[in-house]
Amino acid sequence: MDSVIKFFSAMILSFVVFINSIGSFLGIGDLIPTEPEVSTTAVIEESTTETVEITTTKPSEETTTEHVVTTTLAPQNPVEKEAQRVVVNGRYVCFGWSEQEITDTLGAATETVCEMKKDGKSITSLVYASDYSELAVFQLVDGVFSGFYTIDNDAIVTDGTNEYSIASSGAVSQSKLSIKEYKDSHQDNIVYAIYVSYNGFSFKSKDLTNQDGQATLNFHVVNGLRAIHGSPALEYCDVAETAIRLFSEDMAARGFYDHVSPEGETVADRLHAQGINFKACAENILKASSGNTFAYADAWYNSHDGHREGMLSTDYDFVGIAFVIADDGSTYGGQNFYRNF
């Protein structure tokens, strides 16, 4: 049976490589995205006798993450200075602005996340999450506003000639501005979030010196997705983060990818080892060769194997998140959710 599975897996991989080579030849990128592997498990404790039910799913290759708008619209008219901008709650923020200019316009951020790339460039993310249904993240590279993530349907992106919003689901790309759409495969592929890049800005988690900022941003994205579905925001738990970080480091170091360690340890064991006594808990894990925190959230959100349910469920009140980079450059990480007795 194993030989049959390996044969068909090899055939599928060869097909993907062939199809993607056509995409590269046509200049449109991968026709079949190769995405992070994600896996989930749910654990329920109903009594102090610790009767535990564990359901584990295998890694899925079906998840689609980033949906990229590739249409380029040539400018019809000369654009004004600082034309490339976003409009949030009626106030505009121009790409190329400094952190001070953004905060002068929008007020202080809910949280500021500082990260460093291995090439020495800094990435500062200003998270605006006073209302998670309007979550917006402004990312500055070496102090210059260069990236924008939002789930806010009313946020507008403009290049001075054309306008785009999540509600309109149009395509805008002019000069230094392009838009990446994130779609919900559970709801007719409607656009639920966008990432706007200025001057070709992009980054991968493995390009960063550490992953703490990626975990923090992932937490805010999860609460943004919960807001879309009417679920209350989760509280962050540093102890649960420790549990999933240690497990992610173990997977990365020993090269296994499963909810159960080689010694048989489960998420319940890992949370208990950190002193967390819970009524219910769940775990999402991930292994990826590329991508960043927004792509990871999208992979879990679009999963049909339970990961989405873990992120959106009202059964949990707390979450801890961690990502680590293995020696081969792969990202291992996960989310631990739980509710107290």
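Any value given below was found using the heavy atoms of this structure, including those in side chains, with hydrogens, waters and symmetry copies removed.
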Smallest separation among heavy atoms of [X] and [Y], with atom names:
| X | Y | result |
| --- | --- | --- |
| Ala227 | Ser133 | CB-N, 3.6 Å |
| Glu115 | Ser125 | OE1-OG, 4.3 Å |
| Asn223 | Ala233 | OD1-CA, 3.4 Å |
| Ser165 | Ala155 | CB-O, 3.3 Å |
| Lys287 | Ser330 | CE-OG, 4.5 Å |
| Asp258 | Ile285 | C-CD1, 3.8 Å |

Measure the shortest side-chain to side-chain distance between [X] and [Y] over non-hydrogen atoms and say whether it is less than 4.5 angstrom.
| X | Y | value |
| --- | --- | --- |
| Ile179 | Tyr195 | no |
| Leu217 | Val137 | yes |
| Val222 | Trp300 | no |
| Ile190 | Lys183 | no |

Phe323 and Tyr332 aromatic centres sub-6.0 Å: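 Judged by ring-centre distance (under 6.0 Å), Phe323 and Tyr332 do not meet the cut-off.
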Output field: ring centroids Tyr128/Phe138 closer than 6.0 Å: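 Centroid distance Tyr128-Phe138: below 6.0 Å, so yes.
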Quick one: does [X]'s side chain have a donor or acceptor within less than 3.5 Å of a partner on [Y]'s backbone?
| X | Y | answer |
| --- | --- | --- |
| Asp142 | Lys121 | no |
| Glu101 | Ser98 | yes |
| Asn284 | Gln335 | no |
| Asp317 | Arg339 | no |
| Ser248 | Ile244 | yes |
| Thr293 | Asn218 | yes |
| Thr103 | Gln100 | yes |
| Thr242 | Asp238 | yes |
| Asn302 | Ala299 | no |

Whether over 12 other heavy atoms sit under 6.0 Å from [X] [atom1]:
| X | atom1 | answer |
| --- | --- | --- |
| Asp188 | CG | no |
| Tyr92 | OH | no |
| Asp327 | CG | no |

Quick one: [atom1] on [X] to [atom2] on [Y], what's the gap to the nearest 0.5 Å?
| X | Y | atom1 | atom2 | value |
| --- | --- | --- | --- | --- |
| Leu126 | Thr112 | CG | OG1 | 5.0 Å |
| Leu177 | Phe201 | CG | CZ | 13.5 Å |
| Tyr182 | Leu225 | OH | CG | 11.5 Å |
| Ile325 | Leu208 | CD1 | CG | 8.0 Å |
| Phe203 | Lys117 | CZ | NZ | 8.5 Å |

Step-by-step side chain to side chain contact (heavy atoms under 4.5 Å, CB included) determination, Val113 to Thr124: CA-CA 6 Å; Val113 179; Thr124 301; over 6 Å; no
Audit row: Thr216, Tyr236, side-chain hydrogen bond (donor to acceptor under 3.5 Å, both in side chains) steps and yes/no: CA-CA 9 Å; Thr216 301; Tyr236 200 79; over 6 Å; no
Step-by-step ring pair (Phe, Tyr, Trp, His ring centres under 6.0 Å) determination, His229 to Tyr192: CA-CA 11 Å; His229 294 272; Tyr192 73 86; 8.9 Å; no
Please determine, by modelled atom types, if [X] and [Y] share a side-chain donor-acceptor pair under 3.5 angstrom.
| X | Y | value |
| --- | --- | --- |
| Tyr296 | Thr331 | yes |
| Asp305 | Ser303 | no |
| His220 | Tyr132 | yes |

Qualifying side chain to side chain donor-acceptor pair (under 3.5 Å) pairs with a residue from residues 197-213, counting only residues at least two apart or across chains: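 Counting only pairs at least two positions apart or across chains, the side chain to side chain donor-acceptor pair (under 3.5 Å) contacts touching residues 197-213 are Ser205-Gln214.
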Lys/Arg N to Asp/Glu carboxylate O, Arg254 vs Glu263, below 4.0 Å: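 Yes.
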Sidechain N-carboxylate O distance under 4.0 Å for Arg308, Asp298: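 Not counted as a salt bridge, because no side-chain N and carboxylate O are separated by less than 4.0 Å.
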From CA spacing to verdict: side-chain hydrogen bond (donor to acceptor under 3.5 Å, both in side chains), Glu235, Tyr316: CA-CA 9 Å; Glu235 294 184 44; Tyr316 314 116; over 6 Å; no
Contacts of Glu241 that satisfy salt bridge (Lys or Arg N to Asp or Glu O under 4.0 Å) - sequence neighbours left out: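 Scan of Glu241 (salt bridge (Lys or Arg N to Asp or Glu O under 4.0 Å), adjacent residues dropped) gives Arg245.
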Criterion side chain to side chain contact (heavy atoms under 4.5 Å, CB included) on Asn277 and His272, from CA distance to verdict: CA-CA 6 Å; Asn277 294 313; His272 284 151; 3.9 Å; yes
Parallel, tilted or perpendicular, as decided by the 30° and 60° cut-offs, for the rings of Phe318 and Tyr338: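 Correct class here is parallel.
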Common cluster, Val267/Leu246, ILVMFWY with side-chain heavy-atom separation under 4.5 Å: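 Unlinked, Val267 and Leu246 end up in two clusters.
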Verdict with supporting geometry, Tyr164 and Thr158, side chain to side chain contact (heavy atoms under 4.5 Å, CB included): CA-CA 6 Å; Tyr164 171 96; Thr158 180; over 6 Å; no
Step-by-step ring pair (Phe, Tyr, Trp, His ring centres under 6.0 Å) determination, Phe341 to Phe278: CA-CA 6 Å; Phe341 280 103; Phe278 54 84; 7.4 Å; no
Identified side chain to side chain contact (heavy atoms under 4.5 Å, CB included) counterpart of Cys281 within the set Asn336, Leu271, Asp315: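 Going through the options one by one, the only one that passes is Leu271.
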Test log, rule side chain to side chain contact (heavy atoms under 4.5 Å, CB included), inputs Ile123 and Leu140: CA-CA 6 Å; Ile123 300 178; Leu140 298 93; over 6 Å; no
Do any side-chain atoms of residues 144-151 form donor-acceptor pairs under 3.5 angstrom with protein atoms, and if so which ones, sequence neighbours left out?
| residue | atom | partner | partner atom | Å |
| --- | --- | --- | --- | --- |
| Ser146 | OG | Val144 | O | 2.9 |
| Thr150 | OG1 | Leu135 | O | 2.7 |
| Thr150 | OG1 | Asp152 | N | 3.0 |

